Structure formats: structure tokens, C-alpha cells
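Lettering follows sequence order; numbering is per chain, from 1. Only a predicted model underlies this, so the values are computations on that prediction, with no experimental measurement involved.
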Amino acid sequence: MTTITLANRGNTTFEVTGRRPLLDELRDQGVDLPFGCKYGGCITCAAKLIEGEIDQRSQVALNNRQIADGYVILCVARARTDCVLEIGTESHDRLYRNPFLDPLEPHELKADIATAKETPDGLHES
Amino acid sequence: MECCGPGYASPSEAMKAPREEILYTIAIYTGTGIQKPDYLCTIDADPASPTYAQVIHRLEMPNIGDELHHMGWNACSSCFDDGSMSRSYLLVPGVRSSNIYIVDTATDPRAPRLHKTIQGADIKSKTDLSAPHTVHCLGSEIIISMLGNAKGEAPGGYLHLDRDFEILGRWENSMGDIPFGYDFWYQPRHNVMASSEWAAPNTFMPGFDLEEVGHLKYGRRIHLWDFEKKEPKQTFYLGEDGLIPLEVRFHHDPDSTHGFCGAALSSNIIHWWQDGSGDWQWEKIIDVDNEPHPEWPIPVPGVITVILLSMDDRFLYFCNWLHGDIRQYDISDPHNPKLTGQVWMGGLLGKAPEVNGLQITGGPQMIQLSLDGKRLYVTTSLFSTWDNQFYPEIRTNGGCMLMVNCDTENGGMEIDPDFAVDFGKEPNGPSRCHETRYPGGDCTSDIWL
Ligand code: FES
């Protein structure tokens, strides 16, 4: 079992098994969470990971900038360690941006089309 | 001609129908932070009524997070000759959940009730389709464009339902090499269907990354189908002139081959037709220029998110969701449209931040025209995630509906000063209004065989 702390719900804590997506485990314990598609493709259930490690390999909704900003897709995410999360649309402050005013760098696109980031010493990171 | 089925014998008969007294409009909480189901509103559109321009009924769906979007009837004028059919059920799909709600509007038209739910999970397991969009009836059956497979990948296909709303499977025999789906319309006398391209659900649902257009993740084609063979037969590659082609409309006149589509990102209107030698041609007939913005380093595209034709096929209406204007063009000569009217509400250019005492958040988006062509109802929300990107204040302000009076003699439009529905004041908090339909059919619902 791992412990999930909801930072913007008065630091309430919940024990989860990690065997099912966090959305289901938390909702089963009475946490009111937004969701839509439930397969990791629509972003409605996004939350912000403040601390801890999460496996969300099957999500396809987030671009690399959103991932770098800590967003996780609860409908497919499983906790690997104890985690601190901010949930709900209050956590979405950096999730949405005007695409004309704030373009993405090539390495910030979604994983399937992102290109590696050029670093000054010639090394690549993605 | 008197007959027994639903709808009207012809578009010109439809224009003589009694004035709409109520409207059905989608309102959503998905993506707003309010944990309530999306709902179908009944709005009083009878000026003699004490509750004129108010929401008089709300049918909440049984789930949250559906993102209700577009909707369609179980039957339309295509069943005019079939006395066993009636226009009694509105099909209301949730694009995120893939649930499809069948709403009974006949028992009490002012207070529609849920008749049946087709579960998204069922649709996925039986047809490998998700993300329902456009609903058209097809004689006594129904087809719905589905924008993805069960995993939200393009191109999806078409869900086929029988008259009792049982899943028959997929309608199409082949998607050919169509990369994306979105809207469609068919013109049976010419055995043709036209379909357009948005993107894969996994691409457009999380929001709009402009860079993905360059990576070919968004559409730029219109497809013509052999309607009887249920397979695509020709593609118009629109290229830069047709980025993100959305709403597709054929002329209402069933003998016509002329059709139109709004390319949202290019902000162009595309027109196609069959020429004298039987070949299908296309051209760009309207090009909305990008506009400078006081605070933006780059000019703002119009973003044409909807188009609509009046029942007599004389006027084309469309909205520039980011600019904030609704335009009316006389398309009596479809090759040479003439701008005859323009009004402003909301938008990013700051031309009409307030209308009828209402602060407008968002821009003009879905429109629906009365059958007689005189009243255009307009709502402001596009899609929850895209709203959040371009008009983040819509979270707290909600959407709104206005009515535009249209001059059908000389052309021209004027926003009606007495009609405004503020979805910012809904009982459960600010919601966002989207598509509108009328009980008797409207200018985007009916097709004639
Ligand atoms: S509910 Fe759609 S991504 Fe989680």
C-alpha cells in the first residue's frame, strides 16, 4: 500500500494498492474527481504531482511540457511510491495555454512527435 | 403535400412551418470544475410567454464528464413518407465518454426525459469506435460519425443504429485511406456523402497544440463517398487553404450537388459541386483575413467553427470564434458569395465585450437558424479544453445565448435586444452552452431523399 496526500484537500490522506488507476482507487474512497474518457486520452482527469513517483505510461493526453510541469493522468496513473497530489481543476493553472501566444518547443510536443532537445554540450535529452 | 411521417415534404414546405416555441440546447460542466452532469436545456423561445428567453427545464444526464456536444434526431424529413416514424427522440452523444443518450422529447416536449442510454463501453466493445460526433438519420436508421477507435486513435468510422437504438455495428464498408473523421452530410439523389476531418480524439481532446498541425495531426481534406457502397470515392486535398475542415453542409435542395465546408484554422469557406461533365470540383470562396490584436505579437485567425445554410439555400452563415463576428453571405451564386451582414459578440479582438448588458465570454460559436430564416440563435462555447485555452474566464462567467434577427429580403443582421440567456447564472454554477435544436427540425437536421 502507498499513501496519497491531497495537498489542496487539507492534506487528507488515502491508502491505495497501486493495482488500479488512482482515479478509481480515490473515487472508491469518496474523493470527487473530474474525468471523461477514462483511457488516458482526454486530459479531463489531470492532476498535479507535487511529490512521489507515478507510472502513467499509457497516457496519450499530455505533451512533454505538461509532463515537465508535473501533470499526471489519474485515470491511467498508478502510484509507485507515496505521492502528494493537487487535484481538480484548481490544479490546472499550467495545463492550458493559448497556443498562439505560448508555442511549444520541439522537445515539448507530445512524445510521439517530440524531437530531442539540443543541449549546449551536444548531448541530447528528451 | 400531406403525408404522415415526420418533417416536411421539401425545404420550401419546412420554411412555412410554425415558429419555434422552444429550443433544446446542450450545456456542459465537463472541464469547468463543477462536478455535475452535463444537461439538456429547454429554452422558452415564445416572445408572448412570461418565461421568454429563460431556461425552463434541465435534463441532467446520469453521468458526469460526458462532454455533450452535438445531437440529432431519430427521424427527419428523410422519413416524410413513412407513417410508422415520428421525430420523438433526440440522440445526445457524449464525445468524451462515448455514452449516447436517447432523449424522449415527444411525451412532454417542454420537459424531455431520458429514454435509454447506449453505454460507451458497449459501443467500444462491439464496434471498436469512440468519440461520437454528428448524428444523421438515414431513413429509419441512424448513423453517427465516431472520431476514434476504442483507444481514441483516428480515423474511427461510423456507428450504425437501428430504429430502436440497438447497435448494428459499423455503417461503412471501408474508410479507404481517410486519416480523420468529423462531420458528414449526404445528398441521396446524387448518391454522395461528404465528410470532413478534425483530428484523432487523443489529439484534439486534451486541447489544441498548434504545432501538431504542422505534424499532420489535424485534417486538411474533404472526402466524397459513394453513399450506397458506403465507401469513399474521392478526396479533395485542400492543403493550407483547408486546415481543420469542420462543418459540412450540402444545399438543402435535394437536387443540388453544391456543398460547403468551413476550414476552421485557415478560416476559409470551401465550396464543391459536380460540373457538367460529372466531375466533382472544389474552390475556396471566402477567405477571412487574420486580424491584428492589441496585445498579440501575431495576427489572430478567425477560426470558423461552424457554418450553416438557410433553408432556401440563399444565405450562408458562419462564425469567427476568435474574432467574435457572425457573418451572413448571399450565396445565390455559390461561386460568388456576397457579404450581406455582420454582427459582433465577444471574441478576442475586443469589438463587443458586452452585448445586451451581458459580458460575453468566448466568441460566437454554434448557431442554429429558424426554419423561416429570420432568427439565428448563437452560443459561445466550443469545446471544454479549447475554451479553457482561448477564453479561460469562461470558467467563472459561463457561456451565453443570443438571438440575431436576419433580414431575409435584403440581407443584414441585428442582435435582438430582448433575448439573452446567461449560462453564468445557472443553478449549479456557470455552465457552457453549445448546440441548439428545435423540436420540429431545423436548418442542420433534415435531409430530403
Ligand atoms: S478521463 Fe480522459 S484522460 Fe483521464
Side-chain angles (χ1 to χ4, degrees), chain A residues 8-9 23 26-27 30-47 56 58-67 71-76 86-115, chain B residues 29-36 38 63-67 94-99 120-121 124 130-131 148 150-153 200-217 290 293 295-301 303 322 348 384-392 395:
Chain A
N8 61 340
R9 293 289 184 276
L23 181 80
L26 292 171
R27 285 185 76 227
V31 184
D32 198 11
L33 290 166
F35 61 89
C37 71
K38 291 184 104 178
Y39 62 75
C42 85
I43 221 166
T44 313
C45 67
Q56 58 168 345
S58 57
Q59 75 79 23
V60 287
L62 299 173
N63 60 40
N64 282 348
R65 184 190 289 182
Q66 290 161 329
I67 292 172
Y71 285 104
V72 291
I73 293 295
L74 292 184
C75 66
V76 296
E86 271 178 25
I87 59 166
T89 49
E90 312 95 279
S91 72
H92 291 179
D93 56 318
R94 297 177 64 88
L95 193 63
Y96 299 109
R97 85 207 139 80
N98 182 319
F100 292 102
L101 292 185
D102 188 4
L104 297 175
E105 299 285 333
H107 69 276
E108 293 179 313
L109 299 172
K110 278 196 185 155
D112 60 329
I113 46 172
T115 49
Chain B
Y29 282 120
T30 302
T32 65
I34 293 172
Q35 289 286 81
K36 291 281 180 187
D38 299 347
N63 301 290
I64 64 165
D66 290 308
E67 186 131 18
V95 67
R96 282 176 205 265
S97 65
S98 302
N99 295 327
K124 288 179 192 172
S130 73
K151 288 201 243 141
E153 294 157 351
N202 292 344
T203 301
F204 71 75
M205 281 213 223
F208 181 47
D209 285 355
L210 179 61
E211 298 77 10
E212 297 200 324
V213 175
H215 285 269
L216 307 181
K217 295 273 186 179
N290 295 354
H293 182 281
E295 284 138 38
W296 288 29
I298 51 165
V300 186
V303 179
L322 292 188
L348 292 172
S384 63
T385 40
W386 294 41
D387 291 345
N388 292 343
Q389 289 182 278
F390 292 99
Y391 295 106
R395 272 227 183 92

Residue [X] versus chain A: region with a heavy atom under 4.5 Å:
X	result
B:T30	side chain
B:K124	side chain
B:L322	side chain
B:A150	backbone

Toward chain B, the part of [X] with a non-hydrogen atom under 4.5 Å:
X	answer
A:L101	side chain
A:Y39	side chain
A:L109	side chain
A:D112	side chain

Minimum heavy-atom separation for B:Q389 to A:P99, with atom names?
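Smallest interatomic distance, heavy atoms only, reads NE2-CD, 3.8 Å.
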Please find the pair of heavy atoms, one from A:I113 and one from B:E212, that lie closest to each other, and give the distance.
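So the two residues come closest at CD1-OE2, 3.6 Å.
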Mind checking the [atom1]-[atom2] spacing from [X] to [Y]? Nearest 0.5 Å is all I need.
X	Y	atom1	atom2	value
A:D32	B:I64	CG	CD1	6.0 Å
A:Y96	B:D387	OH	CG	10.0 Å
B:R96	A:C45	CZ	SG	10.0 Å
A:K110	B:H215	NZ	NE2	12.0 Å

Given the options A:C42, A:G41, A:G88, which has more heavy-atom pairs under 4.5 Å with chain B than any of the others?
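The option with the most such pairs is A:C42.
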Using a cut-off of under 4.5 Å for heavy-atom pairs, which of A:L62, A:D102, A:V60 has the most such pairs with chain B?
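The option with the most such pairs is A:V60.
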pair A:F100-B:I298: side-chain heavy atoms closer than 4.5 Å
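Yes, close enough: below the 4.5 Å cut-off.
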Test item: side-chain donor near acceptor, A:T89 and B:R395, under 3.5 Å:
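Result is no, nothing qualifies.
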Of all of [options], which one pairs up most often with chain A through heavy atoms under 4.5 Å apart?
options	value
B:E211, B:E295, B:E153, B:M205	B:E211
B:S384, B:P206, B:G152, B:P392	B:P206
B:I34, B:D209, B:D66, B:T32	B:D209

When you look at NZ of B:K151, are more than 12 heavy atoms from neighbouring residues, nucleotides or ligands closer to it than 6.0 Å?
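No - once you tally the heavy atoms of other residues, nucleotides and ligands closer than 6.0 Å, there are 12 at most.
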